[in-house]
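See below for the structure under consideration.
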Amino acid sequence: MNLVETEFLFCILSGFFLFHSLSRIVDDGNRSDLIFRWVTISIFGFIITESLNKWGIRSDLWNTDSIFAYITKSNLILFLSYSSLEERIFNLKPFFRIFVSVFLYSFWVSVLYGIHFFQNTILVQDNTLILPFAIALGAFLWTREMFWTGEDKRNLSLGEDSSRFVYLSFFPATFLVFSPWKEDVHFYHQVSTILMYGISSFVGFLIVSKFKKEMVPFSSEIGIWIGGFAFSSSLGAEIVVVLPLAMLSGIFGRLLYSYLSRLAWSESGIRGVVSFLYPSILGIFLPFLLLEPSGWVHSPYVLLGVQVLYFLSFYLVASLSFGIILLIKQK
């Protein structure tokens, strides 16, 4: 499979993110509004990027050389933008809604450049470079749950899982489209490995649910995200060692879900923190446990500092960005 075919495949897969977001919106008007903003921001982003290219301002991270790669990145970033607030964004006035949408889109684009900085300047222990997305989105959801309370609280009763979201088991791998080596055959081995980690953590998540006789909504989605994110930074470790740990991470993720549900959090807030923030914290430190020191990019103490800086940079910037949104939130 050549590079163009790979980009086309990920373009199609990224469309499921749009379906995934739309399927959770009950109101038809809100659904139409999201589609309008999704298309409008993508088109304007394309025009701006093309204009900058004409003026000689070009970035390898964000370009329109391949329309498939552009649509894929745009879909993923717009998915992250919507997931940051979910339906709470529809509580804003129309003008503020557009401003917040553009602000969030710009923030996630800046995350790409932050990843590039760490990858090329500081060097971090993160094989796939998907941890910053999990860290930033987890920080958004944590801060949202702490400081944006009130009218949007959801029913926290546990219910049946929906099988139509099982396809999300493949989605941690789609973030690898941002990796620089996706045209290599080795890439597909990495994709299958992350998928195995995700399935293993889902099994651990499901075991606790069966033991407690309580099924969590979207448990297949949450379980897959945990393993996919947590062990993405430890690719290359012995898989017979990683799989039991992935299952254990799913077990602790399910226990964390139960704890947060007792704190009267919204269902979306619990799902977001368990799916993104929790596994991203694991992913920062697991390389120390799973990888041989000869495979570390720095000496032990330097690597520890770099990994902590890696986490705090995206966490604090995401929290600050959410603080800006709170300042303009409709009272």
Side-chain angles (χ1 to χ4, degrees), residues 1 13 123-135 138 161 165-212 216 218-257 274-300 303-304 306-308 310-311:
M1 186 177 292
L13 287 175
L123 300 181
V124 294
Q125 197 73 48
D126 185 6
N127 304 71
T128 60
L129 306 176
I130 62 177
L131 280 184
F133 298 103
I135 294 169
D161 189 22
F165 294 113
V166 173
Y167 66 81
L168 281 169
S169 62
F170 296 95
F171 279 1
T174 62
F175 280 103
L176 292 170
V177 73
F178 294 106
S179 69
W181 34 263
K182 58 181 175 293
E183 70 276 11
D184 193 343
V185 176
H186 181 62
F187 163 74
Y188 298 97
H189 173 70
Q190 306 287 51
V191 170
S192 60
T193 301
I194 286 187
L195 179 58
M196 291 179 64
Y197 295 162
I199 293 175
S200 182
S201 64
F202 167 59
V203 171
F205 195 91
L206 192 61
I207 287 174
V208 179
S209 294
K210 293 293 185 181
F211 180 78
K212 293 170 66 69
V216 173
F218 312 109
S219 61
S220 57
E221 174 186 346
I222 298 172
I224 292 293
W225 283 128
I226 291 174
F229 282 124
F231 296 92
S232 64
S233 60
S234 303
L235 292 177
E238 287 291 337
I239 194 167
V240 294
V241 176
V242 176
L243 289 181
L245 290 177
M247 185 179 296
L248 191 62
S249 70
I251 291 173
F252 279 104
R254 179 62 179 85
L255 296 175
L256 177 61
Y257 190 104
V274 176
S275 299
F276 302 110
L277 189 59
Y278 160 67
S280 66
I281 294 174
L282 292 180
I284 289 295
F285 299 104
L286 278 174
F288 292 96
L289 176 64
L290 297 175
L291 298 181
E292 294 291 336
S294 58
W296 297 354
V297 293
H298 296 289
S299 61
L303 181 61
L304 177 61
V306 169
Q307 294 294 98
V308 172
Y310 192 47
F311 176 83

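These values consider heavy atoms only, across backbone and side chains, with no hydrogens, waters or symmetry-generated copies. Remember, it's a predicted structure, so these values are computed and weren't measured experimentally.
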Over 12 foreign heavy atoms within 6.0 Å of CZ, F288: yes
Tell me, do P279 and W225 make a side-chain contact under 4.5 Å, heavy atoms counted? no
A side-chain contact here means heavy atoms from C-beta on lying under 4.5 Å apart; do D126 and I284 qualify? no
What's the shortest heavy-atom distance between A237 and V242, and which atoms? CB-CG2, 3.7 Å
When rounded to the nearest 0.5 angstrom, what is the spacing between CD1 in I226 and OG in S201? 6.0 Å
Determine yes or no for a side-chain-to-main-chain donor-acceptor pair under 3.5 angstrom, with S200 supplying the side chain and M196 the backbone. no
Which atoms form the tightest heavy-atom contact between A134 and F276, and what is the distance? O-CB, 3.5 Å
Is there a side-chain contact (heavy atoms from CB on, under 4.5 Å) between L123 and V306 once you walk through the steps? CA-CA 8 Å; L123 300 181; V306 169; over 6 Å; no
For L235 versus S232, what's the shortest heavy-atom pair and its separation? CG-O, 3.5 Å
From CD1 (I135) to CD1 (I130), nearest 0.5 Å: 10.5 Å
Please report the interatomic distance CG(L277) to CZ(F229), rounded to the nearest 0.5 Å. 11.5 Å
May I ask you to test the L256-F252 pair for a side-chain heavy-atom distance under 4.5 Å? no
Side-chain heavy-atom pair T128, I194 within 4.5 angstrom cut-off: yes
Can a donor-acceptor pair be found, under 3.5 Å and without considering hydrogens, that links the side chain of W296 to the backbone of Q125? no
Closest heavy-atom pair, V216 versus S209, reported as atoms and distance to 0.1 Å, is CG2-OG, 4.2 Å
How long is the straight-line distance from CG of L131 back to OH of Y310, given to the nearest 0.5 Å? 5.5 Å
Judged by atom type as modelled, is there a donor-acceptor pair below 3.5 Å linking the side chain of Y278 to the main-chain atoms of S249? yes
Between CG of L291 and CG of L303, what distance do you get to the nearest 0.5 Å? 9.5 Å
Once you round to the nearest 0.5 Å, how far does CG of L206 lie from NZ of K210? 5.5 Å
Counting C-beta onward and ignoring hydrogens, is there a side-chain heavy-atom pair between F231 and L286 closer than 4.5 Å? yes
Taking S233 for the side chain and G283 for the main chain, is one N or O donor matched with an acceptor at less than 3.5 Å? yes
Of all heavy-atom pairs linking S219 and F205, the shortest is CB-CE2, 3.6 Å
I need the minimum non-hydrogen distance between V203 and M247, along with the two atoms involved. CG1-CE, 3.9 Å
